[in-house]
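Worksheet: one structure, shown below.
A, B, ... follow the sequence lines: proteins, then strands. Residue 1 opens every chain. Both backbone and side-chain heavy atoms feed into the values below; hydrogens, waters and symmetry mates do not. Here the structure is a predicted model, which is why all the values come from computation and not from measurement.
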Protein chains: 2
Amino acid sequence: MYIFGVLNRNMISNTCKYGIRAILYIAVNSDGEKKIGIKKISEDLNLPGPFLGKIMQTLAKNKILNSVKGPHGGFSLAKAPEKISLYDIVKIIDGDDVFHECLIGVKICESNPEYTDLCPFMGKSHKVREMLEKTFKEQTIGEFAKGINSLDEFLQI
Amino acid sequence: MYIFGVLNRNMISNTCKYGIRAILYIAVNSDGEKKIGIKKISEDLNLPGPFLGKIMQTLAKNKILNSVKGPHGGFSLAKAPEKISLYDIVKIIDGDDVFHECLIGVKICESNPEYTDLCPFMGKSHKVREMLEKTFKEQTIGEFAKGINSLDEFLQI
DNA sequence: AATTTTATGGAGTTAAAACTCTTTTTTTCT
DNA sequence: AGAAAAAAAGAGTTTTAACTCCATAAAATT
């Protein structure tokens, strides 16, 4: 339930989810060299094309993707898929606040990165949050892509 | 870094954080019976008063707070602080999506609450997320309030 | 060289979260 | 009963994330 309307609170922004899914799509469908265009990716993944374009731009600027203009152009991974983690992508698109900021917005936690238990909850929650961060850092695109049996899993929402 | 502007991505909405901090304020400053008004809470915690009013309304409707109108009215906890968990508050204000939705928005996970490893990342991340949920469920307002030495910790953002 | 195809860049629009303002209702105090 | 104090309710506005549109730039094909 939400106070003022419809809410769907996510840890990760839609923008970032789209980015992750597009990169996975490339990892699954390209053999490293082959370029894939925004049109094809956005149609297959059912994502808004022009918006995805912006996201890809950002990922290209941040050396996650290579982009080539013109006919037969498109995007390919700029590194081995085993060298790209979900954390890398989240950090570029959403930043890493989600892994570090104080969960209830207490000032003292923000100025106290050692978690020397000034906010009682931070003392209890920071281990879980470190695990969360670790999970994102250890999950590579390469390994993720290997685990995908059917691309249909990634169609639509 | 964020693509289009300034982003500060939080697991928990500001609305919810304000609610948690206001409840903590009441738990620390009231002995169970004493009512405290929005004006005092919002001034001391540096929160937008009318907005906090809405949040308190919602929490009152959901039996977390008692509210009394008129002179010497205000809000008090509707239950023992040990019976109120952070999870309760998050669920009321933000919903529990943040603990359950698929982190990268893959359809198959949403329709598959058993996590029978169709999405490779869900298989790896759901344990951390269960821990996160547990952490929120086990953290009561009562215990939290006991751990607060100085209210100054909770002033401002 | 001209055309086509694809990404890039910039300036918009839309929808939802965050926040404000004003009026009404309830309670208490005189 | 009347006035004052507080929350409730409703209708706004502002800000930000999400998304679109159009013109430009670069590369390949003819």
Donor-acceptor contacts, no H, no angles, side chain residues 64-79 of chain B, under 3.5 Å, sequence neighbours left out:
unit_1, atom_1, unit_2, atom_2, d
B:Ser76, OG, B:Lys35, NZ, 3.0

Subject >> For A:Lys40, side-chain contact (heavy atoms from CB on, under 4.5 Å) partners two or more places apart >> reply: A:Tyr25, A:Ile36, A:Asp44
Original post:
So do B:Phe136 and A:Val128 actually touch side chain to side chain, heavy atoms under 4.5 Å?
Top reply: no
Subject >> the helix from C:dA1-D:dT30 to C:dT30-D:dA1: angle between end helix axes, five pairs per end, rounded to 10 degrees >> reply: 0°
Original post:
What residues, two or more places apart in sequence or in another chain, satisfy salt bridge (charged side-chain N to carboxylate O under 4.0 Å, His left out) together with A:Lys134?
Top reply: A:Glu138
Subject >> Residues that A:Asn10 engages under side-chain hydrogen bond (donor to acceptor under 3.5 Å, both in side chains), provided they are two or more places apart >> reply: A:Asn8, A:Lys17, B:Glu101
Subject >> D:dA18 phosphate, OP1 or OP2, under 4.0 Å from A:Tyr18 side-chain N/O >> reply: no
Subject >> Length of the CD1-P vector between B:Ile55 and C:dC19, whole Å >> reply: 8 Å
Original post:
Just how far, in rounded Å, is C1' of C:dC19 from NZ of B:Lys17?
Top reply: 16 Å
Original post:
Do the side chain of B:Asp94 and the main chain of B:Ser13 share a donor and acceptor less than 3.5 angstrom apart?
Top reply: yes
Original post:
Starting at CG of B:Asn10 and ending at P of D:dT16, how long is that distance when rounded to a whole Å?
Top reply: 13 Å
Original post:
Can you tell me how far P of D:dA6 sits from CD1 of B:Ile26, to the nearest Å?
Top reply: 15 Å
Pull out every protein N or O sitting under 3.5 Å from an N or O of nucleotides 5-12 of chain C, one pair per line with the distance.
unit_1, atom_1, unit_2, atom_2, d
C:dT6, O4', A:Gly70, O, 3.3
C:dT6, O2, A:Gly70, N, 3.3
C:dA7, OP1, A:Ile38, N, 3.0
C:dA7, O3', A:Ser67, OG, 3.3
C:dT8, OP1, A:Ser67, OG, 2.8
C:dG9, N7, A:Lys54, NZ, 3.2
C:dG10, N7, A:Lys54, NZ, 2.9
C:dG10, O6, A:Lys54, NZ, 2.7

Original post:
Taking CG from B:Leu47 and C1' from C:dA18, how many angstroms apart are they, rounded to a whole number?
Top reply: 13 Å
Original post:
Taking only residues two or more places apart in sequence, or in another chain, which ones meet A:Lys39 in a salt bridge (charged side-chain N to carboxylate O under 4.0 Å, His left out)?
Top reply: A:Glu43
Subject >> Between C1' of D:dA18 and CG of A:Asn46, the distance in whole Å >> reply: 16 Å
Subject >> Atom-pair distance (CD1 on A:Ile12; P on D:dA17), nearest Å >> reply: 14 Å
Subject >> Partner residues of B:Glu143 under the salt bridge (charged side-chain N to carboxylate O under 4.0 Å, His left out) criterion, sequence neighbours left out >> reply: A:Lys124
Subject >> Under the side-chain hydrogen bond (donor to acceptor under 3.5 Å, both in side chains) test, residues paired with B:Lys137 that sit two or more places apart >> reply: B:Glu133
**OP:** Write down the distance between CG (B:Asn14) and C1' (D:dT16), rounded to a whole number of angstrom.
**Re:** 12 Å
